[in-house]
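Since we're looking at a predicted model, the values are computed, not measured. Below, each value reflects all heavy atoms present in this structure, side chains not excepted, and no hydrogens, waters or symmetry copies.
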Amino acid sequence: MASGGKLSPHVIVVSLAIVYVYFSTVFVFVDQWFGLRSSPGIMNTVVFTAVAIMCIRNYVVAMFTDPGRVPPSFAPDIEDSEHPIHEIKRKGGDLRYCKKCSSYKPPRSHHCRICKRCVLRMDHHCVWMNNCVGHANYKVFFVFVVYAVLACLYSMILLLGSLTVDTQKDGQQPEGSYRTVYIISGMLLIALTMALGVFLGWHIHLTLQNKTTIEYYEGVRAMLLAEQGGNVYSHPYDLGVYENLTTVLGPNILCWVCPVSNYIGSGLRFRTAYDHPHGVFKTTTTTSTSSSSSS
């Protein structure tokens, strides 16, 4: 289990938002537009419920899955020619070592000041899940955002459709409690769709390059330093679009939208663009000693 994943004000807000969007969509928008007992009403209810279940399922799995712990016995093997990349500190050139955890850091890991430990392939600390997003739960977190965007768009379409039908029937805007539901839902769905849409676009961009949020900002600094020295910076974990997708989402395309991450491996080593059967020892200097951020 994760060190996070416990109830917090942010988690309660997300849970209430999910419950409100679901019930308003099914028992107001679908009912007003089609009627819950009609064939279109039943079909839309079933489809929206399936999307909502997958959204909730991925959210819960991402929230309660440990993002990845560094084994106490971990030590980098600098003589391993099969994995030539070993990350080092930006200053001093030593192998990355966490003084707070009193252990070496595997590649792509960072110390989270909120979780108070190092997290494998750390992306960020998400206050909305009360958990870090890292190696073991990044995929289900990504899929959760996908389903959340789909659910918001679907609910928005049903809201607009039911509002149009009500207006045509009565010649005026919905009255009473329904008007309040439409106003609150419209404001909530617009805000959620815009925020989650931008967030999803950002993580699609990162996934296509096989980067974490932390690595993106480190890469910006590394690129500037490389340009000053007349060099070109290349992200070492960028294996090409398709390989990047399968590295993050898994080799089976049919499982990309499922809340499973059984393929991910130990999280202590990752394929790089420099890997080959008889590699030569190399290092990268683009990693920080500790990082933590919030979504």
Side-chain angles (χ1 to χ4, degrees), residues 1-15 17-18 54-70 87 98 101 105-149 192 195-219 235 237 244-250 255-268 270 287-288 290-295:
M1 300 293 286
S3 59
K6 300 177 182 178
L7 281 181
S8 69
H10 292 87
V11 173
I12 293 174
V13 167
V14 172
S15 302
I18 291 174
M54 290 302 293
C55 178
I56 295 170
R57 169 67 175 168
N58 280 279
Y59 177 69
V60 171
V61 172
M63 181 170 60
F64 285 99
T65 298
D66 193 302
R69 294 177 178 270
V70 180
E87 294 180 343
C98 180
C101 295
K105 292 182 181 180
R108 314 184 78 178
S109 65
H110 294 270
H111 187 89
C112 176
R113 59 182 175 80
I114 300 175
C115 294
K116 295 180 173 57
R117 64 184 177 90
C118 286
V119 175
L120 298 177
R121 194 187 181 275
M122 180 178 174
D123 187 90
H124 68 286
H125 183 93
C126 182
V127 295
W128 301 105
M129 298 193 315
N130 196 22
N131 193 17
C132 263
V133 177
H135 175 65
N137 65 349
Y138 179 82
K139 187 248 181 168
V140 287
F141 168 80
F142 178 88
V143 176
F144 156 68
V145 179
V146 171
Y147 279 110
V149 171
L192 286 175
L196 289 171
V198 171
F199 196 60
L200 176 60
W202 167 248
H203 279 278
I204 289 175
H205 172 71
L206 292 177
T207 299
L208 292 176
Q209 300 182 60
N210 198 4
K211 289 182 179 180
T212 64
T213 299
I214 294 174
E215 288 171 348
Y216 171 82
Y217 291 107
E218 290 179 345
H235 182 56
Y237 301 103
N244 291 342
L245 286 172
T246 56
T247 297
V248 175
L249 300 177
C255 292
W256 282 5
V257 294
C258 299
V260 292
S261 299
N262 297 330
Y263 64 90
I264 55 176
S266 67
L268 302 177
F270 297 90
T287 348
S288 60
S290 68
S291 299
S292 175
S293 57
S294 300
S295 64

When every non-hydrogen atom of Y237 is compared with those of P107, the smallest separation belongs to OH-CB, 3.4 Å
Return the minimal non-hydrogen interatomic distance between C112 and M122, and the atom names on each side.
CB-CE, 3.8 Å
Given 3.5 Å as the limit, does a donor-acceptor pair link the side chain of N244 with the main chain of T207, or not?
no
Specify the closest pair of heavy atoms between C115 and C132, including all atoms of both residues, with the distance to one decimal.
SG-SG, 3.6 Å
Which atom names give the shortest non-hydrogen contact between D123 and L206, and what distance separates them?
OD1-CD1, 4.2 Å
Any L245 side-chain heavy atom under 4.5 Å of W256 side chain:
yes
Donor-acceptor contact present, side-chain D66 to main-chain A136, <3.5 Å
no
Sub-3.5 Å donor-acceptor pair from the side chain of H235 to the main-chain atoms of G219, do we have one?
no
List the atom of R117, the atom of G68, and the distance in Å for their closest heavy-atom pair.
NH1-O, 3.4 Å
N137 (side chain) donor-acceptor with A62 (main chain) under 3.5 angstrom
yes
Applying ring-ring contact (aromatic ring centres under 6.0 Å, His included) between H203 and each of Y138, F144, F142, report the one that passes.
Y138
Does C258 offer a backbone N or O that forms a donor-acceptor pair with the side chain of K139 under 3.5 Å?
yes
Does Y147 reach the main-chain N or O of I56 with its side chain, forming a donor-acceptor pair under 3.5 Å?
no
Angle class for the W202/Y217 ring planes (parallel below 30°, perpendicular above 60°, tilted otherwise)?
tilted
